[in-house]
Amino acid sequence: MIRATVVRALVLAAAFAAALTPVTCLGEDSNQLPPRATKELPPALLALLRQKKMPKHSPILLRIFKEEAELEVWKQDIGGHFQLLKIFPICRWSGDLGPKLHQGDRQAPEGFYTVTPELMNPNSNYYLAINTGFPNSFDKANNRGGSLLMIHGDCSSAGCYAMTDEQISEIYSLARDSLLGRPSFQVQAYPFRLTPANLARHRTHPQLAFWKMLKIGNDHFETTHLEPKVDVCDRRYVFDAQAAPNSPNPLAFNPTGKCPAFVVNPKIARQALEKQRADEAEYAQLLEDEVPTAQIYSGLDGGMNEVFLARFPVRVTLAQVMPYASYLPQLPPIPWVDNHDSLTSKWFGNCFARCEITIGW
């Protein structure tokens with residue numbers, strides 16, 4: 001017992017010391033960057049950029065879909081519109097469908113996020129990491145908390161979107177190149193592709209209203225292939241807002257205050273409204289047809305794209321033994337294998353990413 005206590009104390013002391021170690025981020029001296037953070041894109045991806053007429057340093061936009069376990073990289077072409085460059089299967093995400101609410105709930109965030117150079121970590125413990133920027137102003141206005149929610153490598157997650165090291169190398173390099181002379185790029189994180197069929201399946205979920213709000217921004221992007229301008233007021237997202245014609249004052253948004261008088265960019269609004277009406281008609285028909293509903297909570301801890309199931313069977317088992325959030329009924333306790341360690345640790349070793357408490361992310 002004394003020995004175990006001493007070991008735990010040493011581990012905590014080491015973690016505390018590591019917390020004091022400075023972390024070099026993308027915006028710092030490039031001479032300090034490890035080779036993996038300065039690596040050129042692979043030839044095949046460079047050829048794809050040329051094929052799709054996408055300048056190497058043009059802006060990118062990331063779209064994440066939990067249920068499908070896919071991360072899309074969109075990139076601006078020479079015409080100024082975003083086009084789909086590549087879809088990466090997500091190796092591991094934790095939690096369940098729905099936004100992150102509080103520290104420790106293992107939920108991966110959902111919403112619209114802004115990544116600046118300072119949020120790029122070339123020295124991550126998980127090969128390379130991109131901090132999503134959670135919590136954003138919407139999350140803070142709605143009292144949602146948490147920290148260090150990443151897109152990173154190592155295929156292990158506790159609140160993050162985890163890729164393989166090879167995948168994050170490409171995603172990180174695309175992000176790095178897009179930030180040359182540019183302040184940020186946008187990340188859109190969704191529970192699933194916001195189609196009428198998916199929304200109808202999840203119509204009983206308590207987060208349905210939140211997802212329908214996200215769909216407005218989703219529709220603005222999908223109909224225009226332009227990055228939606230995102231603001232927050234009255235504790236909700238608003239998209240592509242601009243001052244009314246002849247308005248004497250610029251718009252000012254307070255995340256917790258009343259929304260100012262604004263109009264939505266007419267060109268964007270018209271296209272998005274056409275899509276919205278068509279989707280609503282399809283959604284109504286699906287409800288009339290009484291399509292089956294999905295269960296609200298899976299009781300599992302996240303998911304993994306099926307292409308990785310055979311490669312990482314232990315990570316699949318992890319989802320079956322660890323309930324993802326504090327408000328779900330707890331599964332029976334994992335049996336202890338001895339006086340010092342749990343069966344979970346024996347099975348999984350260091351496969352827990354501990355995104356919210358990892359030193360150096």
Side-chain angles (χ1 to χ4, degrees), residues 60-74 84-101 103-116 119-122 124-136 139 144 146-176 185-194 207 211 214 218 298 300-309 311-312 315-316 318-319 322 324-325 351-358 361:
I60 66 165
L61 185 149
L62 304 185
R63 283 159 56 87
I64 298 170
F65 304 95
K66 284 182 180 176
E67 193 168 54
E68 294 85 354
E70 291 182 339
L71 183 151
E72 295 179 346
V73 177
W74 290 67
L84 180 60
L85 173 63
K86 187 172 181 177
I87 299 176
F88 293 86
I90 295 175
C91 194
R92 190 80 171 87
W93 59 272
S94 65
D96 211 323
L97 302 184
K100 182 166 190 62
L101 301 178
Q103 185 91 15
D105 63 5
R106 294 183 61 82
Q107 288 290 98
E110 296 173 6
F112 289 76
Y113 296 92
T114 301
V115 175
T116 60
L119 295 179
M120 303 276 290
N121 186 2
S124 172
N125 291 334
Y126 300 94
Y127 197 71
L128 292 165
I130 301 171
N131 190 323
T132 61
F134 180 95
N136 61 17
D139 299 315
R144 297 177 178 178
S147 60
L148 302 181
L149 281 304
M150 311 291 163
I151 303 166
H152 62 55
D154 198 42
C155 189
S156 54
S157 173
C160 295
Y161 294 104
M163 319 300 293
T164 64
D165 292 351
E166 180 182 13
Q167 288 176 316
I168 194 61
S169 178
E170 290 190 14
I171 297 167
Y172 187 97
S173 295
L174 286 164
R176 176 201 65 211
F185 65 87
Q186 187 175 96
V187 175
Q188 303 175 6
Y190 300 109
F192 39 73
R193 298 185 189 280
L194 296 175
Q207 295 296 336
W211 294 338
L214 297 186
N218 171 82
S298 69
L300 302 180
D301 181 57
M304 168 184 284
N305 192 287
E306 61 182 8
V307 302
F308 295 115
L309 295 179
R311 182 176 170 186
F312 297 103
R315 314 281 165 99
V316 180
L318 174 62
M322 178 176 287
Y324 77 91
C351 77
F352 294 97
R354 296 192 301 252
C355 297
E356 296 182 271
I357 58 173
T358 297
W361 46 283

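Sequential numbering from 1 along the given sequence is applied to the chain's residues.
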Spacing of [X] atom [atom1] and [Y] atom [atom2] [to the nearest 0.5 Å]:
X: Leu128; Y: Asp165; atom1: CG; atom2: CG; value: 8.0 Å
X: Leu71; Y: Arg63; atom1: CG; atom2: CZ; value: 10.5 Å
X: Ser94; Y: Lys100; atom1: OG; atom2: NZ; value: 7.5 Å
X: Ile171; Y: Met163; atom1: CD1; atom2: CE; value: 4.0 Å
X: Thr164; Y: Arg92; atom1: OG1; atom2: CZ; value: 15.0 Å
X: Leu119; Y: Tyr113; atom1: CG; atom2: OH; value: 12.5 Å

Does any N or O in the side chain of [X] come within less than 3.5 Å of the main-chain N or O of [Y], such that one atom is a donor and the other an acceptor?
X: Gln167; Y: Pro89; result: yes
X: Asn136; Y: Phe112; result: yes
X: Glu72; Y: Ile87; result: no
X: Glu68; Y: Arg193; result: yes
X: Ser173; Y: Ser169; result: yes
X: Gln107; Y: Gly98; result: yes
X: Asn305; Y: Val307; result: yes

Given Lys66, His152, Met150, the one that forms side chain to side chain contact (heavy atoms under 4.5 Å, CB included) with Tyr161:
Lys66
Distance-minimising heavy-atom pair for [X] and [Y]:
X: Asn131; Y: Leu149; result: OD1-O, 3.6 Å
X: Val73; Y: Leu84; result: O-CD1, 3.7 Å
X: Gly146; Y: Pro135; result: O-CD, 3.4 Å
X: Ile60; Y: Phe185; result: O-CB, 3.5 Å
X: Pro109; Y: Ala189; result: O-CB, 3.5 Å
X: Gly153; Y: Ala162; result: O-CB, 4.3 Å

Give the C-alpha distance, both sets of side-chain angles, the deciding distance and a yes or no for side chain to side chain contact (heavy atoms under 4.5 Å, CB included) between Cys91 and Phe312.
CA-CA 9 Å; Cys91 194; Phe312 297 103; 3.4 Å; yes
Hey, mind stepping through Gln188 and Leu61 against side chain to side chain contact (heavy atoms under 4.5 Å, CB included) and telling me if it holds?
CA-CA 8 Å; Gln188 303 175 6; Leu61 185 149; 3.7 Å; yes
Full working for side chain to side chain contact (heavy atoms under 4.5 Å, CB included) between Ile64 and Ile151
CA-CA 10 Å; Ile64 298 170; Ile151 303 166; 3.9 Å; yes
Among Phe192, Tyr190, Phe65, which residue satisfies the ring pair (Phe, Tyr, Trp, His ring centres under 6.0 Å) criterion with Trp211?
Phe192
Gln207 versus Pro191: any side-chain heavy-atom pair under 4.5 Å?
no
